[in-house]
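Pasting a structure below so you can have a look.
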Amino acid sequence: DAGVTQSPTHLIKTRGQQVTLRCSPKSGHDTVSWYQQALGQGPQFIFQYYEEEERQRGNFPDRFSGHQFPNYSSELNVNALLLGDSALYLCASSTSTGVGYTFGSGTRLTVV
Amino acid sequence: AQSVAQPEDQVNVAEGNPLTVKCTYSVSGNPYLFWYVQYPNRGLQFLLKYITGDNLVKGSYGFEAEFNKSQTSFHLKKPSALVSDSALYFCAVRDLRGGSYIPTFGRGTSLIVHP
C-alpha cells in the first residue's frame, strides 16, 4: 500500500520564478494538506484540499495556490518566488474526519 | 483555536536511559493528539495518537505517551533510549477550523541520545 508520494524531492529555483510541487495521497485518503517547514521550525499549515476545493487556508499570501484533481492528487504552486520561500514542503493526506495524517517525504525547495 | 506547546528545544539523554519529550495542549473539548518524528531531510513519520480511552498510548518503535487531562499534557516517553532515536519530535493537535480538521504542530524538540 503506497503512502504519500511527493515530487520532485529537491529543486532549485531563481527568485521571481514559479514552481509546482506534486503530491499523491495515500490510498483511501481524500483530503490533502500542504505545509511549509523552514529550517529549525515546525510545519506551518498552508492550505487543505477536499473534493477539489480549497477548504481552509493558513496565513500565506496569494502567491501560494493549489489544486486537487479528481483522483485526489494535488499540486502546490508558488509564484514570484522569494528567498524566504526556501523550505521543505510537506504534503499530508487524510480522510475528511482527520483522525490520522500520513506525510510524504517532502520537497526541498531552494530559492537562489 | 487548538494549540500545542513543546517547552524544550532540545533534550539530551544517554543511551539506555529513559527519555521524556514534553508537550502541553490547549483545546476546547476533547483533544485529538499526535506525535510525529522527523529524521534529517525527511518527512514526518507517525508515532502514536490519542483520541479517547486509555491514557497510556503505545506507539511505534517502543514509544508511548501519557495523556494527562488535569495537567493538559501529552508527554512522549521511552523506557530505554537508543542512539537511533536521535531526531526531531513534533507534537500535534487536530484543530477544527471552518469545518475542516487541520493538524497543528508544536515547534519541535530535538532529541539527542548520546552513546
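All chains are named by letter (A, B, ...) in the order of the sequence lines, taking the proteins before the strands, and each is independently numbered beginning at 1.
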Does Y101(B) form a side chain to side chain contact (heavy atoms under 4.5 Å, CB included) with Y50(A)? I'd like the steps, not just the answer. CA-CA 11 Å; Y101(B) 292 114; Y50(A) 172 69; over 6 Å; no
I'd like to know which of L88(B), L96(B), I102(B) tops the heavy-atom pair count under 4.5 Å against chain A.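 With the most close heavy-atom pairs to chain A, the winner is I102(B).
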In terms of heavy-atom proximity below 4.5 Å to chain B, should S94(A) be classed as side chain, backbone, both, or neither?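 No part of it gets close to chain B.
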Check the hydrophobic clustering (I, L, V, M, F, W, Y; side-chain heavy atoms under 4.5 Å; chains of links allowed) and say if F90(B) and Y50(B) are grouped together.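 No, no single cluster joins them.
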Can you tell me which portion of L44(B) sits under 4.5 Å from chain A's heavy atoms? Options are side chain, backbone, both or neither.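 L44(B) touches chain A through backbone and side-chain heavy atoms alike.
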For Q45(B), is it the side chain, the backbone, both, or neither that has a heavy atom closer than 4.5 Å to a heavy atom of chain A?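 Q45(B) has no heavy atom closer than 4.5 Å to chain A.
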Tell me, please, which residues at least two apart from D9(B) pass salt bridge (Lys or Arg N to Asp or Glu O under 4.0 Å).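 Salt bridge (Lys or Arg N to Asp or Glu O under 4.0 Å) check on D9(B) returns R107(B).
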Out of curiosity, does V4(B) fall in the hydrophobic cluster containing V27(B) (side-chain heavy atoms, cut-off under 4.5 Å, transitive links)?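 Same cluster: V27(B) reaches V4(B) through Ile, Leu, Val, Met, Phe, Trp or Tyr contacts under 4.5 Å.
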Within one Ile-Leu-Val-Met-Phe-Trp-Tyr cluster: V11(B) and W35(B), side-chain cutoff 4.5 Å: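 Cluster IDs for V11(B) and W35(B) match.
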Looking at the rings of F105(B) and Y35(A), which for Trp means the six-membered one, are their centres under 6.0 Å apart?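 Ring centres of Y35(A) and F105(B) closer than 6.0 Å.
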Using a 4.5 Å heavy-atom cutoff, which residues in residues 62-75 of chain B come close to chain A?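 Under the 4.5 Å heavy-atom cut-off, nothing qualifies.
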Below 4.5 Å from any heavy atom of chain B, which atoms of Q6(A) appear? Answer side chain, backbone, both or neither.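 It is neither, since no heavy atom gets under 4.5 Å.
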Heavy-atom pair with the smallest gap, counting every atom of L88(A) and R42(B):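 Looking at all heavy atoms of both residues, the closest pair is CD2-O, 3.8 Å.
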Part of R108(A) lying under 4.5 Å from any heavy atom of chain B: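 When you check distances to chain B, only side chain atoms of R108(A) fall under 4.5 Å.
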Most chain A-contacting option - heavy-atom pairs closer than 4.5 Å, from G108(B), S110(B), S100(B):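 Going by pairs under 4.5 Å, I would pick S100(B).
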Could you tell me which portion of Q41(A) (side chain, backbone, both or neither) has an atom closer than 4.5 angstrom to a non-hydrogen atom of chain B?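 When you check distances to chain B, only backbone atoms of Q41(A) fall under 4.5 Å.
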Check whether F45(A) gets within reach of chain B through its side chain, its backbone, both or neither, counting any heavy atom under 4.5 Å.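 Side chain of F45(A) only, per the 4.5 Å heavy-atom cut-off to chain B.
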Near Y72(A) OH, under 6.0 Å, is it more than 12 heavy atoms from other residues, nucleotides or ligands?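 No.
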Within a radius of less than 6.0 Å around OH of Y39(B), do more than 12 heavy atoms belonging to other residues, nucleotides or ligands occur?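 Enclosed: over 12 neighbouring heavy atoms sit under 6.0 Å from OH of Y39(B).
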Does atom CG (L83(A)) have a neighbourhood of more than 12 heavy atoms from anything else shown, all under 6.0 Å?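 Buried by this count: over 12 neighbours within 6.0 Å.
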Is the shortest heavy-atom distance from the side chain of Q56(A) to the side chain of D95(B) under 4.5 Å?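 They are not in contact (no side-chain heavy atoms under 4.5 Å apart), so the answer is no.
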If Ile, Leu, Val, Met, Phe, Trp and Tyr residues are connected whenever their side-chain heavy atoms lie under 4.5 Å apart, and connections chain through other members, are F69(A) and Y89(A) in the same group?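 Not linked; separate clusters.
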E53(A) atom CD: more than 12 heavy-atom contacts under 6.0 Å: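 Open: at most 12 neighbouring heavy atoms sit under 6.0 Å from CD of E53(A).
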Within a 6.0 Å radius of atom CZ on R15(A), are there more than 12 heavy atoms belonging to other residues, nucleotides or ligands?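 12 or below, so no.
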Near N30(B) CG, under 6.0 Å, is it more than 12 heavy atoms from other residues, nucleotides or ligands?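 Check fails, neighbour count at 12 or below.
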Which heavy atom in Y101(A) sits nearest to a heavy atom in Y36(B), and how many Å separate them?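 Y101(A) and Y36(B) have their closest heavy atoms at O-OH, 2.9 Å.
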Would a single hydrophobic cluster contain both L47(B) and V93(B), if residues Ile, Leu, Val, Met, Phe, Trp and Tyr are joined by side-chain heavy-atom contacts under 4.5 Å?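 Result: yes, single cluster for both.
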